[in-house]
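Structure below; questions to follow.
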Amino acid sequence: MAAKQKYLTLLFCKIKDSYYAMEEKKRKQITSEHVADLRKYSTNITHLVCTGFNGQYDQVALIESEDLKTIYDAVEAFKLGKKGQHIEVVDAVFGIKVENKSDFEMIGKR
C-alpha cells in the first residue's frame, strides 16, 4: 500500500537590510513574534540558514504537508508575519515528495 504523498515548497529567502538596521532588542522581539506566529505550522516548516555561491538568498524555508491548504496557509503566515516585511522571497519551488518512486504515479506519459 502506497504511503500518502507529501507536497513541499521551498522558499528561497533573503533577509533585507532593514532587519539588520534595527537595534538588536527590536530584532529579537520581531523574531520572537515571527516564531510565535508560525508555531502552529512547526511540524510543517523547516528553516535552513545557509550560504551559497551567489548570495541571492541566505535562508531556505522547507514547508511540507499532505494537503495544499496547509502549505498555502503556512506560506501566507510566513510572508505576512511580523518578520515577513523584512524577508524577500527570492524564489520558490513547489513539488511532490517521492520517497519510493515505484509508489508514485505520474499524470500522463513521458
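In this chain, numbering begins with 1 at the start of the sequence shown. This one's a predicted model, so the numbers in the text were calculated from it and none came from an experiment. Only this structure's heavy atoms are used, side chains among them; waters, hydrogens and symmetry mates stay out.
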Taking all heavy atoms of Gln56 and all of Val90, pick out the closest pair and write down the distance.
-> O-CG2, 3.3 Å
Of Val89, Ile63, Thr70, the one forming a side chain to side chain contact (heavy atoms under 4.5 Å, CB included) with Val75 is Ile63
In this structure, CD1 of Ile45 is separated from CD of Glu64 (nearest 0.5 Å) by 11.0 Å
Working to the nearest 0.5 Å, report the span between NZ of Lys82 and CG of Asp37.
-> 7.5 Å
Are Leu8 and Val93 connected in the hydrophobic side-chain network, where two residues link if heavy atoms are under 4.5 Å apart?
-> yes
When clusters are formed by joining ILVMFWY residues with side-chain heavy atoms under 4.5 Å apart, either directly or through shared neighbours, do Ile96 and Leu11 land in the same one?
-> yes
Taking atom NZ of Lys26 as the centre, report whether more than 12 heavy atoms of other residues, nucleotides or ligands fall under 6.0 Å from it.
-> no
Full working for side chain to side chain contact (heavy atoms under 4.5 Å, CB included) between Lys25 and Lys28 = CA-CA 5 Å; Lys25 185 177 180 181; Lys28 285 182 179 181; 5.9 Å; no
Say whether Phe78 and Leu68 are linked into one hydrophobic cluster, either directly or through other cluster members, by side-chain heavy-atom distances under 4.5 angstrom.
-> yes
Quick one: does Lys14's side chain get under 4.5 Å of Asp58's, heavy atoms only?
-> yes
Interatomic distance, Asp17 atom CG to Glu88 atom CD [nearest 0.5 angstrom] = 10.5 Å
Just do the side chain to side chain contact (heavy atoms under 4.5 Å, CB included) check on Thr31 and Tyr19 with the steps written out, would you?
-> CA-CA 10 Å; Thr31 298; Tyr19 178 74; 2.6 Å; yes
What is the minimum heavy-atom distance between Ile15 and Gln59, and which atoms define it?
-> CD1-OE1, 4.5 Å
Taking the inter-plane angle between the rings of Tyr7 and Phe94 on a 0 to 90° scale, is it parallel (under 30°), tilted (30 to 60°) or perpendicular (over 60°)?
-> parallel
Show your working on side chain to side chain contact (heavy atoms under 4.5 Å, CB included) between Tyr41 and Asp73 and close with a plain yes or no.
-> CA-CA 9 Å; Tyr41 302 106; Asp73 291 346; 3.2 Å; yes
Which heavy atom in Arg27 sits nearest to a heavy atom in Met22, and how many Å separate them?
-> NH1-O, 2.8 Å
Reported NE2-to-OH distance for the pair His86 and Tyr20, which is rounded to 0.5 angstrom = 11.5 Å
Can you tell me how far CD1 of Ile71 sits from CD of Glu66, rounded to the nearest 0.5 angstrom?
-> 10.5 Å
